[in-house]
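Notes follow once the structure below has been shown.
Just so it is clear, the values below take in all heavy atoms, side chains as well, and ignore hydrogens, waters and symmetry mates. Convention: sequence-line order gives letters A, B, ...; per-chain numbering from 1.
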There are 2 protein chains.
Amino acid sequence: MLTPAKRHLEDLPADHPCAGCKVRDKAVCGVLDCADLTSFKSLGRTVRLSSGQVLFHEGDPVSRVFTLTTGTLKLYNLLADGRCHVAGFVSPGDFLGISMDDEHVFSAEAVEASQLCWFPRTRFDGFVEDHSPMERELYRMAAHELASAHQQMMLLGRKTAIERLATFLIVLAGRAAGTSDSVGTMVQLPMSRSDIADYLGLTKETVSRVLSSFRRDHLIRLCSVHQIEILELRRLELLAASGA
Amino acid sequence: MLTPAKRHLEDLPADHPCAGCKVRDKAVCGVLDCADLTSFKSLGRTVRLSSGQVLFHEGDPVSRVFTLTTGTLKLYNLLADGRCHVAGFVSPGDFLGISMDDEHVFSAEAVEASQLCWFPRTRFDGFVEDHSPMERELYRMAAHELASAHQQMMLLGRKTAIERLATFLIVLAGRAAGTSDSVGTMVQLPMSRSDIADYLGLTKETVSRVLSSFRRDHLIRLCSVHQIEILELRRLELLAASGA
DNA sequence: CGTTCGATTGAGCTTTCTCAAGCACAGTGG
DNA sequence: CCACTGTGCTTGAGAAAGCTCAATCGAACG
């Protein structure tokens, strides 16, 4: 399964330095000689995707490891009849393509203009072998992801639409609070309403309706379609927990 | 949070050999000197739980590592208002309590009479340190769990009740086919309908209704409440994929 | 300025849930 | 050995949450 996005990868200017790469997860730097990791990353080449472009498809061979430098990707799976589940969104600093499998278990698509840097998977594997604490770190990261996955399953299996969106906004707000380009309670929603719906197990109409109800209740302000301000985090947290 | 089940643990006959322990996941044995692991496990002590007894609660400190020898446990989380999500069921041979966290992220409760053997967590950590391939193996296991978690999220977010139950039965049938105590298409359901519902994001009534509809359509036979025979695996697989 | 595509809003419908009653079976005591 | 009882399972009827289909709105872009 050769994708357009993959051909796109080959078209890169060779040896583009990957200055923008940064490691989101501080713990990775903690266990490694940070200089090692940075120098390793500087070996990467960049790839640019415009909104809607697919980086790889579910089932494609895993031949590269990526880190996202700017933009946002969605990771998703499709059922035979077209129903979609978005497994998660990739933010700058996140890794992509680190896997024990030989095939990607997701498709990855840019939801806005994005830039990544990549290395051959073999080189990454070699890097891990040369830096044994990295193995433990990978395990730690997988365990962490597993914990979030279980919270998401609780959300999908047992929470109401209102609780799902409240939870979603709170998590985004919490993540944004840790980055530089956030002013207080401003939250970016680069993805479409459909993407949010597929992530939360709802329809785009329900997402729209619930966000509108939050707006009517003065919990949030819709600055634009892709940017909202959280006005009442406290009440939103109450909604996320119990839906009351 | 000290649980009755924990007091129960201390009441064990000391130095009970743990002959029944077996490693479900062959890959673990593959990377280790199998004798090492077996001898390690023989250091364990056994604990018996009757149906409904709790082994540990969410938030309890992780002080022990378990392997289940007989029976079935459920791992679950509760919301403040009592809504329950069952994260998974533990079968003989499965590990329990292996974690990078200091606190359990689930509660664990026996859904039928069960027997486990356990070791102090510190001893297990030491064992892992002495057997470095084990680290990689733990990572592999976490990655594998993560993959199933994502399939479960697709199920919870996008599949119908019929598809969920069909998927559930097929997975159980596939697992049973790998063990000795299964005759063809017989599937054990040791857990209650409520447990299945909390696992699939449904209500016990819906579980009951869908199983009844499968029976009416001659897809399964309800030998007893906790044992069903799969009559038409093929059609069940079609249902699981597309609900048609 | 018109077009297009996603977001929003509305109306009716479907699936699943809730509440409630009846059923089956295992364990208990007469 | 059999009625009694409790618990969990099944089934039914009505309600509700969220979905589907459809119309409108609005911002971005040529």
Would you be so kind as to tabulate the donor-acceptor pairs closer than 3.5 Å made by side chains of residues 203-210 of chain B, with sequence neighbours excluded?
| from | atom 1 | to | atom 2 | distance (Å) |
| --- | --- | --- | --- | --- |
| B/Thr203 | OG1 | B/Thr206 | N | 3.3 |
| B/Thr203 | OG1 | B/Thr206 | OG1 | 3.0 |

Taken to the nearest whole Å, CZ/B/Arg193 to P/C/dC23 is 19 Å

Residues at least two apart in sequence or cross-chain that pass side-chain contact (heavy atoms from CB on, under 4.5 Å) with B/Asp217, listed by chain then number, are B/Leu219

Applying salt bridge (charged side-chain N to carboxylate O under 4.0 Å, His left out) to B/Arg215 and not counting sequence neighbours gives none

Hits for salt bridge (charged side-chain N to carboxylate O under 4.0 Å, His left out) against B/Arg234, two or more places apart or cross-chain, chain-then-number order -> B/Glu237

Rounded to whole Å, CG of B/Leu189 lies from P of D/dG8 at a distance of 16 Å

In short, the helix from C/dC1-D/dG30 to C/dG30-D/dC1 is bent end to end, axes from five pairs each side, to 10°, by 30°

side-chain contact (heavy atoms from CB on, under 4.5 Å) assessment of A/Leu49 paired with A/Leu116 | CA-CA 8 Å; A/Leu49 297 176; A/Leu116 305 95; 3.9 Å; yes

Taken to the nearest whole Å, CG/A/Leu211 to P/C/dG6 is 18 Å

Is any side-chain nitrogen or oxygen of B/Ser208 closer than 4.0 Å to OP1 or OP2 of D/dT11? no

When rounded to whole Å, the NZ to C1' distance for the pair A/Lys204 and D/dG18 reads 14 Å

For B/Ala149, the side-chain contact (heavy atoms from CB on, under 4.5 Å) test, sequence neighbours excluded, returns A/Leu146, A/Ala149, A/Met153

Sorted by chain and residue number, the salt bridge (charged side-chain N to carboxylate O under 4.0 Å, His left out) partners of A/Glu229 (sequence neighbours excluded) come out as A/Arg221

Exercise. Do the side-chain N or O atoms of B/Arg215 get closer than 4.0 angstrom to the phosphate oxygens (OP1, OP2) of D/dT11?
Worked result: yes

CD of B/Gln152 to OG of B/Ser148, rounded to nearest 0.5 Å, is 9.0 Å

Counting primed atoms, P, OP1 and OP2 as sugar-phosphate and everything else as base, the B/S/- map of nucleotides 24-30 of chain D against protein heavy atoms under 4.0 Å is -------

Residue pairs meeting salt bridge (Lys or Arg N to Asp or Glu O under 4.0 Å), one or both in residues 188-197 of chain B, sequence neighbours left out, come to B/Lys74-B/Asp195

Contacts satisfying ring pair (Phe, Tyr, Trp, His ring centres under 6.0 Å) that involve residues 146-170 of chain B (not counting sequence neighbours) are A/Phe106-B/His150, B/Phe168-B/Tyr199

Here the distance between atom P of D/dG18 and atom CG of A/Asp198, to the nearest Å, is 16 Å

note: A/Met191, atom CE; C/dG6, atom P; distance rounded to Å ~ 16 Å

Here the distance between atom P of D/dT20 and atom CZ of A/Arg83, to the nearest Å, is 10 Å

In whole angstroms, the gap separating P of C/dA24 from CD of B/Gln227 amounts to 20 Å

Heavy-atom contacts, protein to nucleotides 12-18 of chain C, under 4.0 Å, summarised as B (base), S (sugar-phosphate only) or - (none) per nt, yield ----SSB

For residues 142-161 of chain B, the salt bridge (Lys or Arg N to Asp or Glu O under 4.0 Å) pairs (sequence neighbours left out) are A/Asp198-B/Arg158

